[in-house]
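One structure below.
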Amino acid sequence: MDPIKLKEIEKKWQKKWKEAGIFEADVDKNKDKFFLAHAYPYPSGPTHHGHARAYLFDDAIARYKRMKGFNVLYPMGWHCTGNPAMIKAEKIRKGDEETIEKLKEAGVPEEEVKRLRDPYKYVRFFATESDLSYKSCLETVGCSIDWRREFMTIDETYKKFIQWQYSRLREMDYVQQKEYPVIWCPDQEMPLGDNDVEDESQGAESEEYVAYKFRIETDGKEILLPAATLRPETVYGVTNMFLNPDLDYVVAEVGDEEWLLSHDAYEKIGYQREDVSLIEEFSPESIIGDYCKNPVTDEEVIILPADFVKGGSATGVVMSVPAHAPYDHIAIKELEKKEDVLKKYDIGAEELDFDYIGLIDLEEYGKCPAVDVAEELEIKKLDEEKLERATKEVYRKEFHQGTLNENTAYPGKKVNEIKDKVKEDMLAGGLAEIYYDTNKPVVCKCGAKGVIKLVDDQWFLKYSDREWKASSLDLLEGAEVVPEKYRKELEYYLDVWMGDKPCARKKTLGTELPFDKNWMVEPLSDSTVYMAYYTIAKTINQENIDGEELENSVFDYVFWGKGDPENCKIENEILEEMREEFLYWYPLDMRIAGTEHLSNHLSFMIFQHAALFNEERWPKGITIHGMVLDENGNKVSASKGNGYNMKEIAKGGMVDAMRLGMYAKSSPWDDIRFGKKEVDRTIENVSSRFQKLFKYVEMVDEESGETKDVLDRWILSKMQRHVGNTEDALERLELMEAVNHGFYAAFNDIKDYVNKKENLNHNVFERVINIWIRILAPFTPHLCEELWDRMGGDGFVSEEDWPETNDEMIDEAAERGKKLGDTIEDDIREIKDITGLEKPEQIKIVSSAVWKREMKAAVQEGKELSELMKKDRFRKQGDDAARYFRELKKKHEEVDVMSCEEEIQALEEMKDYFEQTFQAEVVLEREEESDEDKAGKARPGKPAIVLKD
RNA sequence: GCGGGGGUACCCAAGCGGCCGAAGGGGCAGCGUUGAGGGCGCUGUGCACGUAGGUGCUUCGUGAGUUCGAAUCUCACCCCCCGCACCA
């Protein structure tokens with residue numbers, strides 16, 4: 001079987017499946033249904049074998065369930081709402097070389113690339129309209145999807161579904177508005193998630209600073225120095241201020257005050273408040289060396305020069321608390337040594353000789369933990385790395401264990417308990433204001449610098465609601481989680497971690513909030529209950545229903561059975577069909593998604609189902625899949641170019657080989673290392689086994705022997721076990737285990753059978769291969785269809801029943817017999833090896849005496865020697881009996897004892913095989929009748945073996 | 001930091017109290033077949049000893065413990081991975 005034929009096979013059967021529509025699922029009340037839904041993909045770029053793996057998991061399950069007699073609904077849609085496509089399209093429009101080059105490399109034709117500057121064309125291209133698309137990928141690997149239910153989240157009909165959802169959630173008061181700081185791109189005027197920013201900006205977060213307004217008089221007017229800190233409780237310990245003389249500062253009007261801000265901070269603050277305007281540029285040098293007033297303590301503190309203050313970080317005005325901030329302490333020590341600098345600003349040495357003010361009591365430290373830690377770590381200068389560590393150390397201890405002392409207004413209070421109160425008090429007293437900044441610089445993928453924008457009318461989903469959380473936890477409790485180890489994590493997300501979630505944004509591809517058209521539903525929040533939409537998508541597509549017709553009343557009726565169908569614009573009959581589909585298919589039986597979705601998609605799905613549907617419609621199962629890594633452990637991704645497009649695999653007709661290899665690699669929920677090279681190797685290995693399969697199918701029709709010997713009974717018995725084990729593994733979704741049994745173990749047994757059988761028994765072999773093809777069908781469907789066809793099977797193997805397991809077909813005697821044969825074969829080899837007898841003339845196999853079998857059975861029952869020796873048949877063996885007894889006691893095996901007859905019978909039937917294999921005469925004897933010295937070594941299940949020249 | 005998951009022979013990966021020197025796959029080695037260092041088949045793959053299928057020692061991140069018995073249970077320690085949101 002050459003690869004070209006394999007390729008034809010895959011195409012051929014995909015076409016036949018499609019023509020026969022065998023994966024199209026309709027309501028059939030005589031059958032149990034099984035509804036599985038994989039996270040619908042976001043078509044952000046070309047697909048690769050990493051994507052394929054995720055969906056192949058579903059496909060094997062869907063196919064297996066179908067064979068088990070379920071009416072399986074396996075649909076797919078496209079999540080097109082969101083930003084990545086918009087950003088990509090924008091880049092193409094701007095002619096960004098890198099983006100365009102990458103697309104070309106991935107195989108997008110030059111003339112197509114230009115078209116993709118339209119975000120809608122972009123998502124369509126990668127969802128369905130090209131060889132690089134997801135749909136193409138899924139079709140190429142043979143996913144058994146009902147395509148009649150396909151939809152995109154930018155369809156008008158789907159948008160109506162989302163609007164229904166949000167209208168109803170709003171009525172339940174689960175959607176609310178409040179103030180919220182977001183990371184924001186000033187150029188695109190939209191919030192930035194991790195996906196939208198450059199790699200080095202990943203993980204950036206918004207931090208809330210408290211800016212204390214220190215006062216200074218200059219040129220007869222009062223300027224405020226807003227010193228931003230993350231530790232508001234330390235304001236009582238300020239000894240000085242730091243400004244960077246080399247940095248650009250401005251004085252700005254903020255409300256009715258005048259603030260000194262770094263130039264960077266001035267540009268940012270406008271996104272947080274509107275009452276800001278520039279007054280003038282301002283040189284900090286004019287006030288360095290002067291004194292300003294702490295708004296809380298009214299202490300006068302000196303303003304010192306500091307080149308480590310960066311403009312991009314917070315306000316550019318830094319208050320110094322050397323007792324608790326190692327950085328401040330070291331900076332002051334450094335400055336003491338710089339006489340020229342001090343001279344320049346006319347700062348006297350005595351002015352630096354201030355006392356540090358300790359505020360926080362800690363057991364293991366003195367008054368100034370920062371000084372202690374600096375000494376401990378031997379920090380002598382502004383060494384970034386060490387200071388970073390020291391700062392964290394001090395902060396952690398002070399926050400968790402520290403208590404404020406009498407130098408503060410909160411003596412005796414624990415830091416972690418009073419921190420928020422301090423902030424509130426200061427804000428209320430007008431002594432400080434909130435200033436937001438990112439914890440590290442943010443660069444948007446569009447190139448702009450990210451800022452924090454304070455949005456004052458942000459819409460939230462109220463995931464913090466305790467009742468809502470409670471019913472979500474109920475839902476989870478009633479659902480199956482595979483693998484079970486992820487349940488705890490999900491529980492934690494639902495119960496503890498999840499807070500209110502912004503569910504709308506100003507600019508994105510998607511759906512308008514029905515009650516506030518200024519906002520679009522945020523892309524994760526429109527993907528929570530879409531599984532319900534699949535149930536009606538078929539009707540919507542087939543009946544060409546448009547968005548106009550899908551008013552809220554339609555969904556109320558279809559999903560809830562509420563309201564009057566007469567009020568709907570849709571024909572009653574069609575409406576009833578939708579209702580029927582929903583009632584039949586819902587709830588979802590299995591929801592599949594990657595681990596990275598536990599805290600978002602999956603948690604949101606749980607929340608929203610809990611809110612929108614009754615308990616009997618809640619999802620019944622959640623299943624996690626892992627991802628594909630390359631040989632270096634990096635995620636396979638389009639941008640890295642380290643994956644195969646499925647078309648490349650299909651070109652060689654190697655889809656089934658790849659499928660099998662993937663399943664065999666690891667459990668579906670674990671990540672697998674499966675780079676291109678590994679794919680190649682696996683495909684080669686697996687497809688060579690496939691050739692064997694074709695050969696076996698041909699052999700079924702060969703002339704054959706009729707007797708049904710121990711090997712025949714053995715292989716039939718083993719096939720029963722393989723079916724049972726494969727089924728058991730599939731029920732637990734353990735695809736690797738299933739493939740190990742159904743493919744590899746069965747393969748090895750069948751190979752062994754064929755090798756050892758001189759004349760195949762036609763009936764037996766046909767049965768074996770028939771069973772085998774059926775249990776392989778979920779994994780390698782194209783191959784199995786072809787083999788099924790060649791075997792003369794009717795219809796599609798995809799529609800066949802899963803083989804029944806039948807305990808009566810398990811033949812333990814035959815299995816013992818075969819095992820006996822294997823043991824003897826191994827032993828003969830070993831003896832040959834040790835003795836150096838290359839070519840023995842004769843091999844004598846001596847089956848052990850009856851009394852040994854009896855004794856073994858007796859010992860397994862727990863009988864003692866004294867008891868046994870009362871019996872003649874043992875006593876007359878004398879010392880041999882006692883010796884054997886001791887041996888048995890030592891080993892205590894739990895194996896069934898074969899009878900003499902059984903042993904001899906099995907050996908008789910395998911005699912030919914031994915003679916052929918070892919090219920020697922094989923003689924069978926019973927221990928009782930043997931003259932051989934070594935006959936005494938015979939044991940039940942382990943005959944004595946004598947080789948003779 | 002918080003939460004979750006892991007560390008098994010050359011590699012991947014099962015096993016989760018006795019049948020475990022540890023499944024399966026890969027790799028590697030030998031033999032056979034073959035025109036071939038390719039394909040296929042068979043065999044081997046911790047160490048040592050052994051002219052009879054055996055025996056001894058040693059191994060499942062590290063250390064200690066429970067047990068007649070531990071890769072499997074308990075405790076401590078070390079290391080790795082994942083998620084931490086408004087982003088798909």
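Computation of the quantities below employed the complete heavy-atom set of this structure, encompassing side-chain atoms and omitting hydrogens, waters and symmetry-equivalent molecules. We name chains A, B, ... by the order of the sequence lines, and we start the count at 1 in each one. Remember, predicted model here, so these are calculated numbers, not experimental data.
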Can you find a side chain N or O atom of N755(A) that sits less than 4.0 Å from OP1 or OP2 on C42(B)?
yes
Rounded interatomic separation in angstrom, taking OH from Y463(A) and C1' from C86(B)
10 Å
Rounded to whole Å, how long is the line connecting atom CD of E825(A) with atom P of G53(B)?
19 Å
For C42(B) and K751(A) - does any side-chain N or O of the residue sit under 4.0 Å from the phosphate oxygens OP1/OP2?
yes
Atom pair distance, as rounded to whole Å: NZ in K635(A) and P in A88(B)
14 Å
Name the nucleic acid region contacted by P181(A), choosing base, sugar-phosphate or nothing; use a 4.0 angstrom heavy-atom cut-off, strictly under.
nothing
Spacing between L509(A) atom CG and A88(B) atom P, to the nearest angstrom
10 Å
Counting the atoms with a prime plus P, OP1 and OP2 as sugar-phosphate, which does R689(A) contact under 4.0 Å by heavy atoms, base, sugar-phosphate, or nothing?
sugar-phosphate
Parallel under 30°, tilted from 30 to 60°, perpendicular over 60°: which one fits the rings of F747(A) and W772(A)?
tilted
Taken to the nearest whole Å, NZ/K692(A) to C1'/G41(B) is 7 Å
Please report, rounded to the nearest Å, how far the C1' atom of G25(B) is from the NZ atom of K665(A).
8 Å
With respect to the side chain of M736(A), which nucleotide from G25(B), A14(B), C40(B) is positioned closest?
A14(B)
Heavy-atom closest contact (A738(A) atom, A729(A) atom, distance):
N-CB, 3.5 Å
Just call it for T595(A): base, sugar-phosphate, or nothing, with non-hydrogen atoms closer than 4.0 Å on any strand.
nothing
Using a 4.0 Å heavy-atom cut-off, does I828(A) contact any base of the nucleic acid, only the sugar-phosphate backbone, or nothing at all?
nothing
Would you indicate which nucleotide in G53(B), G25(B), A88(B) comes nearest to any side-chain atom of A944(A)?
G53(B)
side-chain N/O N600(A) vs G83(B) OP1/OP2, d < 4.0 Å
no
Rounded to whole Å, the CZ-P distance (F674(A) to G26(B)) equals 13 Å
Could you tell me whether D728(A) and R732(A) make a salt bridge, using a distance below 4.0 angstrom between a side-chain N and a carboxylate O?
yes
By nearest atom, which of the nucleotides A13(B), C2(B), G24(B) is closest to the Y744(A) side chain?
G24(B)
Of A52(B), G83(B), A14(B), the nucleotide closest to the side chain of D670(A) is A14(B)
Against the side chain of Y42(A), the closest entry in A85(B), G3(B), A88(B) is A88(B)
If only side-chain N and O atoms of N748(A) are considered, is one of them under 4.0 Å from the OP1 or OP2 phosphate oxygen of G25(B)?
yes
Is the shortest distance from a Lys or Arg side-chain nitrogen in E678(A) or R681(A) to a carboxylate oxygen in the other one below 4.0 Å?
yes
Which nucleotide, in any strand shown, forms a Watson-Crick or G-U wobble pair with G63(B), with both distances under 3.5 Å?
C75(B)
Contact class for S688(A) vs. all strands (heavy atom < 4.0 Å): base, sugar-phosphate, or nothing?
sugar-phosphate
Could you check whether G661(A) gets within reach of a base, just the sugar-phosphate, or nothing at all, counting any heavy atom under 4.0 Å?
nothing
Assigned partner base of G27(B), Watson-Crick or wobble definition, under 3.5 Å
U45(B)
Considering all heavy atoms of both residues, which atom of V521(A) and which atom of T508(A) are nearest to each other, and what is their separation?
O-CG2, 4.1 Å
Name the nucleic acid region contacted by Y180(A), choosing base, sugar-phosphate or nothing; use a 4.0 angstrom heavy-atom cut-off, strictly under.
base
What is the distance, rounded to the nearest whole Å, between atom NE2 of H741(A) and atom P of A23(B)?
14 Å
Taking any heavy-atom pair under 4.0 Å as a contact, classify L524(A): base, sugar-phosphate, or nothing.
base
From the set A88(B), G5(B), C40(B), return the single nucleotide nearest to any side-chain atom of H597(A).
A88(B)
Scan every strand shown for a Watson-Crick or G-U wobble partner of C2(B), both distances under 3.5 Å, and answer none if you come up empty.
G83(B)
Among A23(B), G5(B), A52(B), which nucleotide has an atom closest to any side-chain atom of L947(A)?
A52(B)
Counting the atoms with a prime plus P, OP1 and OP2 as sugar-phosphate, which does E684(A) contact under 4.0 Å by heavy atoms, base, sugar-phosphate, or nothing?
sugar-phosphate
Please work out if K501(A) contacts a base, only the sugar-phosphate, or nothing of the nucleic acid, heavy-atom cut-off 4.0 Å.
base
Could you report the tightest heavy-atom contact between H79(A) and S527(A), atom names first, then the distance?
NE2-OG, 2.9 Å
From C-beta outward on E489(A), which listed nucleotide comes closest to its side chain: G25(B), G4(B), A88(B)?
G4(B)
Identify the residue among Y530(A), Y463(A), Y174(A) that makes a side chain to side chain donor-acceptor pair (under 3.5 Å) with Q608(A).
Y463(A)
Students often get this wrong, so: under 4.0 angstrom with heavy atoms, is V496(A) touching a base, only sugar-phosphate, or nothing?
nothing
